Amino acid sequence: MVAIRVIPCLDVAGGRVVKGVNFENLRDAGDPVELASVYSAQGADEVTFLDVSASLEERGTMRETVRRTAAEVFVPLTVGGGIRTVADVEALLACGADKVSVNTSALARPELITEVAKAFGSQVLVLSVDARRVKGEFQPYRYEVTTHGGKRSAGVDALAWTHEAQERGVGEVLLNSMDADGVRTGFDLEMLSQVREVTSVPLIASGGAGEVHHFVEAAQAGADAVLAASVFHFGVVRVSDVKEALAAAGFEVRPA
């Protein structure tokens with residue numbers, strides 16, 4: 001059995017880690033370098049670093065912050081936000097990132113997925129999918145992809161897009177429920193299960209964690225990794241708590 005990974009996420013805007021509800025009313029959660037170092041020491045399996053304002057502000061990821069973070073983190077580091085070209089990926093890998101996450105730019109030009117996978121391998125490429133429920137034409141609702149920190153609809157079906165991205169070469173999918181983001185009522189298990197059915201690459205659950213048992217539910221729904229932000233940043237749940245609960249439920253975890 002492959003170990004379920006526990007991943008703290010650092011959403012960064014203006015050089016600080018921030019967190020809100022549904023990407024609104026953002027609160028300061030600290031310095032990204034300091035938090036990443038703490039999580040690495042606590043036994044996190046990976047750390048994800050997302051520059052949440054890069055696409056909205058039409059600029060690249062803050063490379064110096066990435067470089068400083070990578071120097072303090074001794075677990076795999078995934079970096080996303082404002083990545084538009086193969087050269088952007090190359091630069092971030094040179095700064096110390098182990099993987100990169102793409103969202104807006106891949107939707108605008110899906111060929112980017114193919115280009116990055118060909119240049120560096122699928123193992124470095126994570127597709128970030130920010131999805132929310134919208135009214136469906138032939139069913140009560142469907143899952144639609146959003147961009148720019150959830151502020152814009154991409155007009156794309158999340159299930160179809162995830163499948164296409166896998167065919168183009170992404171190595172992992174980070175599925176974030178915009179409806180559940182920051183609400184702490186649990187992951188969107190229905191959406192997670194449906195995305196699991198259309199992809200065979202590792203699937204990371206994001207959005208909605210509030211209690212330890214929520215992480216176990218996500219793993220039971222098919223997640224290969226569980227990611228959270230505010231519950232870790234504000235001390236509601238510890239990485240070790242999540243790993244203990246997963247182990248108690250029968251899942252393989254790496255020691256914290």
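Note that the structure is a prediction, hence the values are computed from the model and not measured.
Hydrophobic cluster membership is shared by Val86 and Val66, with clusters built from Ile, Leu, Val, Met, Phe, Trp and Tyr side chains linked at under 4.5 angstrom. When the side chains of ILVMFWY residues are joined at heavy-atom separations under 4.5 Å, either directly or via intervening members, Val79 and Val124 end up in a single hydrophobic cluster. Cluster membership check: Val33 does not share its hydrophobic cluster with Leu10, using side-chain heavy-atom separations under 4.5 Å among Ile, Leu, Val, Met, Phe, Trp and Tyr.
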>> With side-chain contact (heavy atoms from CB on, under 4.5 Å) as the criterion, how do Leu35 and Phe232 come out once you've worked through the C-alpha distance, each side chain's angles and the decisive distance to 0.1 Å?
In response: CA-CA 10 Å; Leu35 280 174; Phe232 290 140; over 6 Å; no
> Can Thr162 and Leu175 be said to form a side-chain contact (heavy atoms from CB on, under 4.5 Å), step by step?
Replying inline: CA-CA 9 Å; Thr162 301; Leu175 179 65; 5.6 Å; no
> Please walk me through it: do Val2 and Glu252 pass side-chain contact (heavy atoms from CB on, under 4.5 Å)?
Replying inline: CA-CA 7 Å; Val2 178; Glu252 183 76 20; over 6 Å; no
> Run the side-chain contact (heavy atoms from CB on, under 4.5 Å) check on Val129 and Asn176 step by step: do they pass?
Replying inline: CA-CA 6 Å; Val129 180; Asn176 184 42; over 6 Å; no
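The pair Arg63-Asp88 meets the salt-bridge criterion, since a charged nitrogen lies less than 4.0 angstrom from a carboxylate oxygen.
By the salt bridge (charged side-chain N to carboxylate O under 4.0 Å, His left out) test, Arg133 is found to be paired with Asp188, Glu190, residues two or more places apart in sequence or in another chain being considered. The salt bridge (charged side-chain N to carboxylate O under 4.0 Å, His left out) search around Asp45 returns Lys243, Arg254, not counting sequence neighbours. Residues satisfying the salt bridge (charged side-chain N to carboxylate O under 4.0 Å, His left out) criterion with Arg168, sequence neighbours excluded, are Glu164. Not counting sequence neighbours, Glu244 has no partner by the salt bridge (charged side-chain N to carboxylate O under 4.0 Å, His left out) test.
Looking at His233, its side chain never comes within 3.5 Å of a backbone N or O of Ala228 through a donor-acceptor pair. A donor-acceptor contact shorter than 3.5 Å is absent between the side chain of Ser40 and the backbone of Ala36. A donor-acceptor distance shorter than 3.5 angstrom exists from the side chain of His214 to the backbone of Glu211, with no hydrogens or angles considered. No donor-acceptor pair under 3.5 Å is formed between the side chain of Arg132 and the backbone N or O of Asp130.
No option in Val47, Thr65, Asp51, Asp11 other than Thr65 meets the side-chain contact (heavy atoms from CB on, under 4.5 Å) test with Pro32.
Between Leu203 and Leu192 there is a side-chain heavy-atom pair separated by less than 4.5 Å. Considering only heavy atoms from C-beta on, Pro110 comes within 4.5 Å of Trp161 through its side chain. Side chains of Pro202 and Arg5 form a contact here, defined as non-hydrogen atoms less than 4.5 Å apart. At a threshold of 4.5 Å between non-hydrogen side-chain atoms, the residues Gln194 and Val198 do not count as touching. Contact annotation: the side chain of Val195 approaches that of Leu159 to within less than 4.5 Å [non-hydrogen atoms, C-beta and beyond]. With a 4.5 Å cut-off on side-chain heavy atoms, Thr147 and Leu107 count as touching.
From Leu127, atom CG reaches atom CG of Leu174 across 8.5 Å, with rounding to the nearest 0.5 Å. In this structure, CE in Met178 is found 10.0 Å from CE in Met191, a value given to the nearest 0.5 Å.
Classified by interplanar angle (parallel below 30°, tilted 30° to 60°, perpendicular above 60°), the ring pair Phe215/Phe187 is perpendicular.
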Side-chain donor-acceptor distances from residues 93-100 under 3.5 Å, at least two apart:
| unit_1 | atom_1 | unit_2 | atom_2 | d |
| --- | --- | --- | --- | --- |
| Asp98 | OD2 | Leu77 | N | 2.8 |
| Lys99 | NZ | Glu46 | OE1 | 3.1 |
| Lys99 | NZ | Glu46 | OE2 | 3.2 |
| Lys99 | NZ | Glu172 | OE1 | 2.6 |

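Among residue pairs with one or both ends in residues 67-83, those qualifying as side chain to side chain donor-acceptor pair (under 3.5 Å) are Glu64-Arg67; sequence neighbours excluded.
When the shell of 6.0 Å around CD of Gln123 is examined, it contains more than 12 heavy atoms from other residues, nucleotides or ligands.
When every heavy atom of Ile83 is checked against every heavy atom of Gly80, the shortest pair comes out as CD1-CA, 4.0 Å. Considering every non-hydrogen atom in both Gly210 and Val237, the closest pair reads O-CG2, 4.2 Å.
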